[in-house]
Amino acid sequence: MPKDMTETTVFDRRESEARSYCRGMPAMFSTARGSELIDADGRRWIDFLAGCSSLNYGHNDPDMKAALIDHIASDGIAHGLDLHTDAKAAFLTAFEEHILVPREMDHRVMFTGPTGANAVEAAMKIARKVTGRTNIIAFTNGFHGVTAGALAATGNGYHRGGAGMALTGVTRMPYDGYFEGQTDTADFLEVMLNDKSGGIDAPAAIILETVQGEGGLNAARPEWVRRIARLAKAHGALLIIDDIQAGCGRCGTFFSFENMGVTPDIVTMAKSLSGFGLPMAMLLVRPEHDIFGPAEHNGTFRGNTHAFVTARVAIEKFWADDAFQNELGKKSNLILDKLADLAVMVPGAKVKGRGLMQGVDVGSGDLASRICARAYENGLVIETSGSEDQVVKVLAPLTTPEETLREGFDILLKAAGDVLANETRIAAE
C-alpha cells in the first residue's frame, strides 16, 4: 500500500471535491435514532439538520422501519418502474384519504425521478406545455435545485456559477420583503406584468417557496402569496409552489401554504415525503393540467417502492388526525422563544422563518459559520443558510422531544456565547 494511503482517509483520496456537509462535520457517523446521531466511537450528537429536512420524522422511526423490514423480508417489490403495486396503492390511498380529501384538493399525483430538482423540472415542463409559453417567473433567493432547468429558477450565484452554460427561460422578480418595507413586491410584479413594454414575456408559471429554506428563511406573508396567486391566474400562468423543504409538516401544517387561501396548480414534493429519508419525489397537478403523455417525463426510478411503504406509515401515523399538528404548534413556540434568546445576543440579529423552519440572521456568514462549528464541537449538528450563509438555521426533526430540543438549544446558545466572547477578547487585545 502506498504510504500516502495510510495517512489520508478514503474520503480525502477518492470522494469528489463537490462534497460539502462533511467538511464542517467530519465525524464518521455510524448509527442514528430519533433526533440523535452516533459516531463510530460512540459519541452522540443532537441533530438540528435532519437531512436538510429529509428526516422530519427523525432517524429510523420504529414503525416505518418495521414495515420496511417486513416488506423486504416477504420479497415485496423492490423496483417496479411505474407498474401497479400493492405498496403504491396503499400509499396513494393513504395520501388521498388523509392529505388530499381533507384539504379539498383534487390534484393528480405524478411520480418523478427521486430528487426535488426532478420534480421542479417536471413542473416547469408541464407549465410550458399547458400554456405554450416558455417564460417562468421565479424570485430572488429562491432555491429549486441544480439541474439546468431548476437551476435557471434558482437565485444563488454560487450554484448558478456551476452551470457552465447560459441559464434561460426564467425572469427573476423580488420576493416578499426584498426591499425591506419600502414597497410591496407584489405591486412591483403587477406593474411589470401589466406594462406591455415592461420586457417580461408572458409567463407559463410563477414558482415560489412560501418559506425560502436555502435562501435564508425568508417567509412570505399569506396576503402576498394570495396576490401572487391572483396575478398568476389573471395572466394565464400556472402557480407552482415548491414545498420540497417547507412541506411535510415543516411549517406546522402538512403543506406550507395551508390556511393561506390559495390552491396551487402544481405542488412539488420530495425530501421528507418518504418519511424515512428514502429518495422519493412527486408532483401534485390539477387534473386539467395533467397533460403529459405516457412516459413523456420519463425516468427509471419514478416511484420508489420502498419509499411507498414508509411514506404510507408516516401519513397514517402522523396525519390521520390533528394530534401531531397540534404538537407542532407547541414546538414552534418553543423554537421561537429559544431563537429570540440567540437573537438578543447578537446586535442587529433577527429571527426568521415559520413553524419548525426558523433561524436567526446574525448578519455575517463568518459569524454564523463559527457559531455552528462551535456547536458541532459541543455535540449539535446544525447548519447555515442565506445568500451569505448568515442565518443559523434550525431544522430539527419534528418528532424531537421537548427535552432534547431544550438540550440542543442549550448547546447552541453556549456556542454563540463562546464565539462572541472570543470576538470581544480579540477586539480588546
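Residues: numbered from 1 along the sequence shown.
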Open item on the list: Taking atom CZ as the centre, does Phe11 end up with more than 12 heavy-atom neighbours from other residues, nucleotides or ligands that are less than 6.0 angstrom away?
Closed with: no
Open item on the list: So, using side-chain hydrogen bond (donor to acceptor under 3.5 Å, both in side chains) as the criterion, who are the partners of Thr147 when residues are at least two apart?
Closed with: Glu121
Task: Under 3.5 Å donor-acceptor, Glu258 side chain and Phe255 backbone - done: yes
TODO: Measure up the Phe91 and Phe111 rings against each other and bin them: parallel (under 30°), tilted (30 to 60°), perpendicular (over 60°).
DONE: tilted
Open item on the list: Please determine whether side chain to side chain contact (heavy atoms under 4.5 Å, CB included) holds for the pair Val381 and Met25, giving the CA-CA distance in whole Å, both sets of side-chain angles, and the decisive distance to 0.1 Å.
Closed with: CA-CA 8 Å; Val381 169; Met25 296 175 278; 3.4 Å; yes
Task: Worked verdict on Met173 versus Ile200 for side chain to side chain contact (heavy atoms under 4.5 Å, CB included) - done: CA-CA 10 Å; Met173 284 286 126; Ile200 298 179; 3.5 Å; yes
Task: Asp265 side chain vs Leu238 backbone, donor-acceptor pair below 3.5 Å - done: no
Task: Main-chain N/O of Ala153 paired to Arg172 side chain as donor or acceptor, under 3.5 Å - done: yes
TODO: Check step by step if side chain to side chain contact (heavy atoms under 4.5 Å, CB included) holds for Leu395 and Met357.
DONE: CA-CA 6 Å; Leu395 290 177; Met357 190 175 182; 4.1 Å; yes
Open item on the list: Filter on ring pair (Phe, Tyr, Trp, His ring centres under 6.0 Å), then keep only pairs touching residues 181-216, sequence neighbours left out; what's left?
Closed with: none
- [ ] Could you tell me whether the side chain of Lys331 and the main chain of Leu398 form a donor-acceptor pair under 3.5 Å?
- [x] yes
Open item on the list: I need the Ile77 CD1 to Ile72 CD1 distance, nearest 0.5 Å.
Closed with: 12.5 Å
Task: Nearest non-hydrogen partners of Ile126 and Phe292, listed with the distance - done: CG1-CE1, 3.3 Å
Open item on the list: Within the supplied structure, the quantity of interest is the number of heavy atoms (other residues, nucleotides, ligands) at a distance under 6.0 Å from Glu15 CD; does it exceed 12?
Closed with: yes
Task: Where Ile244 and Ala270 come nearest, the two heavy atoms and their spacing - done: CG2-CB, 3.9 Å
TODO: Work out which heavy atom in Ala349 is nearest to a heavy atom in Ala343; give both atom names and the distance.
DONE: CB-O, 3.6 Å
- [ ] Indicate yes or no: at least one non-hydrogen side-chain atom of Gln358 is less than 4.5 angstrom from one of Ser332.
- [x] yes
TODO: With sequence neighbours excluded, tell me which residues meet side-chain contact (heavy atoms from CB on, under 4.5 Å) with Glu402.
DONE: Leu334, Arg406
Open item on the list: Students often mix this up, so state it plainly: with edges at 30° and 60°, are the rings of Phe318 and Tyr57 parallel, tilted or perpendicular?
Closed with: parallel
- [ ] State whether the side chain of Arg374 and the backbone N or O of Arg370 hold a donor-acceptor pair below 3.5 Å, judged by distance alone.
- [x] no
Open item on the list: Do the side chains of Asp243 and Lys271 get close enough for a salt bridge, i.e. N-O under 4.0 angstrom?
Closed with: no
- [ ] Check whether more than 12 heavy atoms from other residues, nucleotides or ligands sit under 6.0 Å from atom CD of Glu104, and answer yes or no.
- [x] no
Open item on the list: Quick one: does any side-chain atom of Thr171 pair with a main-chain N or O of Ile137 as donor and acceptor, under 3.5 Å?
Closed with: no
- [ ] Output yes when a side-chain donor or acceptor of Arg160 lies under 3.5 Å from a complementary backbone atom of Leu151, and no otherwise.
- [x] yes
Open item on the list: So for atom OH, which belongs to Tyr178, do other residues, nucleotides or ligands contribute more than 12 heavy atoms lying within a distance under 6.0 Å?
Closed with: no
Task: Side chain to side chain, Asn259 and Pro222, heavy atoms closer than 4.5 Å - done: no
Task: Derivation of the side chain to side chain contact (heavy atoms under 4.5 Å, CB included) call for Glu214 and Lys393 - done: CA-CA 9 Å; Glu214 299 307 300; Lys393 177 183 180 183; 2.9 Å; yes
- [ ] Using the test salt bridge (charged side-chain N to carboxylate O under 4.0 Å, His left out), find all partners of Arg44 that sit at least two apart in sequence or belong to another chain.
- [x] Glu36, Glu407
TODO: Rounded to the nearest 0.5 Å, what's the gap from CD on Glu327 to CG on Leu356? Could you check?
DONE: 9.5 Å
TODO: Kindly indicate, with the supporting measurements, whether the criterion ring-ring contact (aromatic ring centres under 6.0 Å, His included) is fulfilled by Phe48 and Phe409.
DONE: CA-CA 9 Å; Phe48 272 18; Phe409 276 111; 5.2 Å; yes
- [ ] Work out which heavy atom in Tyr376 is nearest to a heavy atom in Arg43; give both atom names and the distance.
- [x] O-NH2, 3.9 Å
TODO: Ignoring hydrogens and angles, tell me if any N or O in the side chain of Ser369 forms a donor-acceptor pair with the backbone of Asp366 under 3.5 Å.
DONE: no
Open item on the list: Quick check: do Asn56 and Arg250 have side-chain heavy atoms less than 4.5 Å from each other?
Closed with: yes
Open item on the list: Can you tell me if Asp187 has over 12 outside heavy atoms packed within less than 6.0 Å of its CG?
Closed with: yes
Open item on the list: Quick check against the 3.5 Å criterion: does His59 have a side-chain atom that pairs as donor or acceptor with the backbone of Ala50?
Closed with: no
Open item on the list: Test of understanding: with salt bridge (charged side-chain N to carboxylate O under 4.0 Å, His left out), list the residues that count as partners of Lys129, not counting sequence neighbours.
Closed with: Glu296
Which donor-acceptor pairs under 3.5 Å do side chains of residues 306-314 form with protein atoms, sequence neighbours excluded?
from	atom 1	to	atom 2	distance (Å)
Thr310	OG1	Ser274	O	2.8
Thr310	OG1	Ala307	O	3.2
Arg312	NH1	Glu316	OE1	3.1

Task: Minimum heavy-atom distance Ile206-Ile228, with the two atoms named - done: CG2-CG2, 3.7 Å
- [ ] Enter the distance from His144:NE2 to Ile136:CD1 here, rounded to the nearest 0.5 Å.
- [x] 10.5 Å
Open item on the list: Measuring from atom CD1 of Ile38 to atom OG1 of Thr31, what distance do you get when rounded to the nearest 0.5 angstrom?
Closed with: 5.0 Å
Task: Pairwise side-chain contact, Thr185 with Tyr175, heavy-atom cut-off 4.5 Å (strictly under) - done: no
Task: Gap between atom CD1 of Ile371 and atom CG of Leu342 - 0.5 Å precision - done: 6.0 Å
TODO: Taking only Lys NZ, Arg NE, NH1 and NH2, and the carboxylate oxygens of Asp or Glu, determine whether Lys88 and Asp82 approach each other closer than 4.0 Å.
DONE: no
Open item on the list: For a 4.5 angstrom cut-off between non-hydrogen side-chain atoms, does Val392 reach Leu412?
Closed with: yes
Task: Short side-chain donor-acceptor distance under 3.5 Å, Asp290 and His107 - done: no
Task: For Arg23 against Pro26, the heavy-atom pair lying closest together - done: O-CD, 4.4 Å
TODO: Look only at the side chain of Ser385 and the backbone of Gly215, and say whether a donor-acceptor pair between them is shorter than 3.5 Å.
DONE: no
TODO: Answer yes or no: is there a side-chain heavy-atom contact under 4.5 Å between Leu37 and Asp39?
DONE: no
TODO: Decide yes or no for Phe143 and Gln212: does some side-chain heavy atom of the first lie under 4.5 Å from some side-chain heavy atom of the second?
DONE: no
Open item on the list: For a 4.5 angstrom cut-off between non-hydrogen side-chain atoms, does Pro264 reach Phe257?
Closed with: yes
Task: Inter-residue atom distance Leu100.CG - Leu92.CG, 0.5 Å rounding - done: 9.0 Å
